[in-house]
There are 2 protein chains.
Amino acid sequence: MRPREFDHDDVLRIAFDQFWRNGVRGTSLSDIARDAGLQRGSLYNAFGSKEALFLEAYERYAADYLLALQKALGAGSLRKRLTAFFDLTIMNFRSGTPPRGCPTTRGLMELGAAEGEGLDEDARKAFAGLMARITALVRDTLSAGAARGEFGGDPAAAALHIVTMTRGLAVLERAFDDEPQLRKIAAHTIDLVLGKSGR
Amino acid sequence: MRPREFDHDDVLRIAFDQFWRNGVRGTSLSDIARDAGLQRGSLYNAFGSKEALFLEAYERYAADYLLALQKALGAGSLRKRLTAFFDLTIMNFRSGTPPRGCPTTRGLMELGAAEGEGLDEDARKAFAGLMARITALVRDTLSAGAARGEFGGDPAAAALHIVTMTRGLAVLERAFDDEPQLRKIAAHTIDLVLGKSGR
DNA sequence: CCGAATATTTGACACGGTGTCAATAATTTG
DNA sequence: CAAATTATTGACACCGTGTCAAATATTCGG
């Protein structure tokens, strides 16, 4: 067999960077091929379609991101953990020049727009899976905090609330381009969930 | 002058319905022209471009939606008002078969993907304006509630929190297609903002 | 009532993007 | 070294956006 002339993971990274920077709609396979130094046909041969390539790049990124979130949630008081969680989330939206927005939400909203087509359903599932895993991480962190007396509510409900807030922040970031406001909203959320006193 | 052969507002309604149902990306001007019974060229002549047409249709819808929200926020106890607000929001996401998602958020995320191009910036501004106006409505409702002793926190911060939650719900609706869960999250948010007792 | 002015409609065209396919080229294995 | 297998390449079809000139319909002034 003839071997590939490119590295699979390299292309996924290049593609995700493009998708993140310019959106799925705003990125053509010609763009990615040019950046990766190969022909469009090779991408089709290796990945099947633009959306399949996006999906692979997305899942690769999601795995890394999940690890980073886990790390952020893993040290200090419950308040410190949640603060680190929101900090990482917001920093992620604001990375790049200009800020690229939420890498996991933008793709879904773009692809999820035209549903029932097969691949879009796969994108939806990938996103739903990531959200479920993030929610589980936050829930476990809250449960552990509750066991130490740092939290008194329902961990599952609070985790869902927190994750919903991160998705809302992802949308508002696109609308307002106002990082201090995002941070204020996040701080307020932590206060609300933990009780303003800080316990 | 030769008069138009179609009604401006009719076309905006037809277009917005298509955009809402199939997404901006998934709707071609041929689709809209077919539904409206005219030629593609007439749409370009009347509206300039696909995105300009979307924008006009969007703003027309947003004005109606804002009135509906205002009405929902206008009667009963503060808890009842907020409940009606979230109910309307969620019902909006879930309307249509299959549910069409949030009419105001989807378009932004699709168009906001490729930024710095002029018209996308207009879409961002339109969305930001709508969000600001909704936030103001909620803030005023909370302020009035505070004056009646139904709420004890910071109305501006709480309003921003609530609106952020609605955007998060708009995203999660696409991911999970689980209406009861959306309602649970909304109820939990109201409890958190007003204090679980209900005062 | 007629013609000029003006805006709308129509259809052809260019362009770019996705995706397919057959032909070609480069390895590995027998 | 030859056969088999896979990757690459370039041409093609198709669809969507957007532009333009020609044709058409209406209004207004004389």
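All heavy atoms count here, side chains included; hydrogens, waters and symmetry mates do not.
A salt bridge links Glu51(B) with Arg25(A): the closest approach of a Lys/Arg side-chain nitrogen to an acidic carboxylate oxygen falls below 4.0 angstrom. A salt bridge links Asp191(A) with Arg79(A): at least one charged nitrogen is closer than 4.0 Å to a carboxylate oxygen.
Side-chain N or O atoms of Ser42(A) include none that pairs as donor or acceptor with a backbone N or O of Leu38(A) at under 3.5 Å.
Within the 4.0 angstrom heavy-atom criterion, no nucleotide atom of any strand lies near Phe47(B). If you check every strand for non-hydrogen atoms under 4.0 Å, Leu38(A) touches nothing.
For the pair Asn45(B) CG and dA23(D) P, the interatomic distance rounds to 18 Å; values are reported in whole Å. The distance from atom CZ of Arg34(B) to atom C1' of dC15(D) is 13 Å, rounded to the nearest whole Å. Rounded to an integer number of Å, the gap from Tyr44(A) OH to dC12(D) C1' is 14 Å.
Test Thr27(A), Asp17(A), Ile14(A) against Asp35(A) for side-chain contact (heavy atoms from CB on, under 4.5 Å) and you get one pass: Ile14(A).
Classification of the Trp20(B)-Phe16(B) ring pair by plane angle, with boundaries at 30° and 60°, yields tilted.
The nucleotide range of DNA chain C contacted by chain B, defined by atoms under 4.0 angstrom from heavy atoms of the protein and reported 5' to 3', is dT6(C) to dG11(C).
When each of dA25(D), dA7(D), dT17(D) is scored by its nearest atom to the side-chain atoms of Arg2(B), the top-ranked nucleotide is dA25(D).
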